[in-house]
Peer 1: 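Could you have a look at this structure, given as structure tokens, before my questions?
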Protein chains: 2
Amino acid sequence: MRNKKTSPLSGVTVLERLRDAGLRPTRQRLALAKILFARGHRHVSAEQLFNEAKSSRVDVSLATVYNALHDFTGKGLLREISIDSSSSYFDTNTGNHHHFYFERSGHLEDIPSEHVNISALPEAPGGAEITRVDVIIRVKA
Amino acid sequence: MRNKKTSPLSGVTVLERLRDAGLRPTRQRLALAKILFARGHRHVSAEQLFNEAKSSRVDVSLATVYNALHDFTGKGLLREISIDSSSSYFDTNTGNHHHFYFERSGHLEDIPSEHVNISALPEAPGGAEITRVDVIIRVKA
DNA sequence: AAGCAGTTTAGAATAGTTCTAATAATAGAT
DNA sequence: ATCTATTATTAGAACTATTCTAAACTGCTT
């Protein structure tokens, strides 16, 4: 086996990120995490990630892609979004923000939370704790 | 032929509602519409509606339930909501409002639009038209 | 009453996701 | 380094929600 962990920047950082999250940095998880976190924030479906992995000659099964996405989500590295019941998206931006949803293309775009101002939020019934507030602006495009 | 149009939203009114929407008031659509619109607003899944129909000895196929839900949605009698990628809900309240989503039970509850105040909505990219703005408040219950 | 477009239906098909249980890899102790 | 217990990966089967198919039926107009 070549390629120990001599990769420039991405390799090591991604590895630390997995370790810090308490996830074993396996070959597959590292490869997927690199694809996910290498560049800026993105929204991916399981199928998309699976295909990208294949294209970059990373050999992972679809089940592993699902496992990784859920593991990452469970540890707060990703956030799951279901806008359209046909499939889920995973957002690498786990901070507080909202979304434009382009109905025609099914594409998502982040809206920084400062750009949306919500006032007068109602109390949750029975004093239940609010997990989060999602604002989805659907646009016809 | 009792029960002609004694209650505001039963029998005849439902029939008129379908006709006005340009939908043929078939036996099945009438029965489903009665279940949906008889009482106050509600959120139903296809499976739920199918079961309620069975319980009230209305003989409809699951395919017809799906057809009806989509036809009603297409004509503005219902509004589709996908919060959880596992299944869709149809809301008999088609007016402007938002939702509490109870994560544990998967239950939905309406929030009148007056109870949420959104200011500073961003422009849609490329001047695209905004179809609607959904606010989902997820609560841990 | 007759014809036809619009509906319904059972069951097959599909899409996305999860499960199974066998195999392999990792972390930590030796 | 090696051993071991634990955790991860995998192919393929299974599952769930939904859509499709194509044949039978119904409500509407004439």
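Keep in mind it's a predicted model, so treat the numbers as computed, not measured. Here is the naming used below: chain letters follow the sequence lines, and residue numbers restart at 1 for every chain.
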Peer 1: Show me the pairs that pass salt bridge (Lys or Arg N to Asp or Glu O under 4.0 Å) and involve residues 60-79 of chain A, at least two apart or across chains.
Peer 2: A:Arg29-A:Asp71, A:Arg79-A:Asp134

Peer 1: Under a 3.5 Å cutoff, is there a donor and acceptor pairing between the side chains of A:Glu103 and B:Thr131?
Peer 2: yes

Peer 1: Heavy atoms of chain A, cut-off under 4.0 Å: which first and last nucleotide of DNA chain D, 5' to 3', fall inside that, if you could look?
Peer 2: D:dT6 to D:dA11

Peer 1: A:Ser86: which residues meet the side-chain hydrogen bond (donor to acceptor under 3.5 Å, both in side chains) condition with it, sequence neighbours left out?
Peer 2: A:Asp84

Peer 1: What pairs with B:Glu109 under side-chain hydrogen bond (donor to acceptor under 3.5 Å, both in side chains), at least two apart in sequence or on another chain?
Peer 2: none

Peer 1: Work out which heavy atom in B:Leu78 is nearest to a heavy atom in B:Leu69; give both atom names and the distance.
Peer 2: CD1-CD2, 3.5 Å

Peer 1: More than 12 heavy atoms of other residues, nucleotides or ligands under 6.0 Å from CD of B:Glu114: yes or no?
Peer 2: yes

Peer 1: Flag the pair B:His97 / B:Asp91 as yes when at least one side-chain heavy-atom distance between them is below 4.5 Å, and no otherwise.
Peer 2: yes

Peer 1: Axis-to-axis angle across the helix from C:dA1-D:dT30 to C:dT30-D:dA1, five pairs an end, to 10 degrees?
Peer 2: 30°

Peer 1: Enumerate the residue pairs fulfilling ring-ring contact (aromatic ring centres under 6.0 Å, His included) with a member in residues 53-91 of chain B, sequence neighbours excluded, ordered by first and then second residue.
Peer 2: B:His70-B:Phe90

Peer 1: Tell me, which of residues 80-91 of chain B have any heavy atom that sits under 4.0 Å from an atom in DNA chain D?
Peer 2: B:Ser86, B:Ser87, B:Ser88

Peer 1: Tell me which residues in residues 50-71 of chain A put a heavy atom below 4.0 Å from DNA chain C, sorted by number, or none.
Peer 2: A:Leu62, A:Ala63, A:Tyr66, A:His70

Peer 1: Provide the closest heavy-atom pair for A:Phe100 versus B:Pro122 in the form atom of the first, atom of the second, distance.
Peer 2: CZ-CG, 3.8 Å

Peer 1: For residues 40-63 of chain A, which residue pairs qualify under ring-ring contact (aromatic ring centres under 6.0 Å, His included), counting only residues two or more places apart or in two chains?
Peer 2: A:His43-A:His99

Peer 1: Among residues 18-26 of chain B, which ones have heavy-atom contacts with DNA chain D below 4.0 Å?
Peer 2: B:Arg19, B:Arg24, B:Pro25

Peer 1: Using every non-hydrogen atom in the two residues, find where B:Ala53 and B:Ile35 come nearest and quote the distance to one decimal.
Peer 2: CA-CD1, 3.7 Å

Peer 1: Please give me the minimum heavy-atom distance between A:Thr92 and A:Gly40, naming the atom from each residue.
Peer 2: OG1-O, 4.3 Å

Peer 1: Report the residue (B:Gln28 or B:Ala46) whose heavy-atom-nearest nucleotide on DNA chain D is the more 5′ of the two.
Peer 2: B:Ala46

Peer 1: Using every non-hydrogen atom in the two residues, find where B:Phe102 and A:Pro125 come nearest and quote the distance to one decimal.
Peer 2: CZ-CG, 3.7 Å

Peer 1: Which residues pass the side-chain hydrogen bond (donor to acceptor under 3.5 Å, both in side chains) test with A:His107, sequence neighbours left out?
Peer 2: none

Peer 1: Considering residues at least two apart in sequence or located in another chain, which fulfil the side-chain hydrogen bond (donor to acceptor under 3.5 Å, both in side chains) criterion with A:Thr64?
Peer 2: A:Ser61

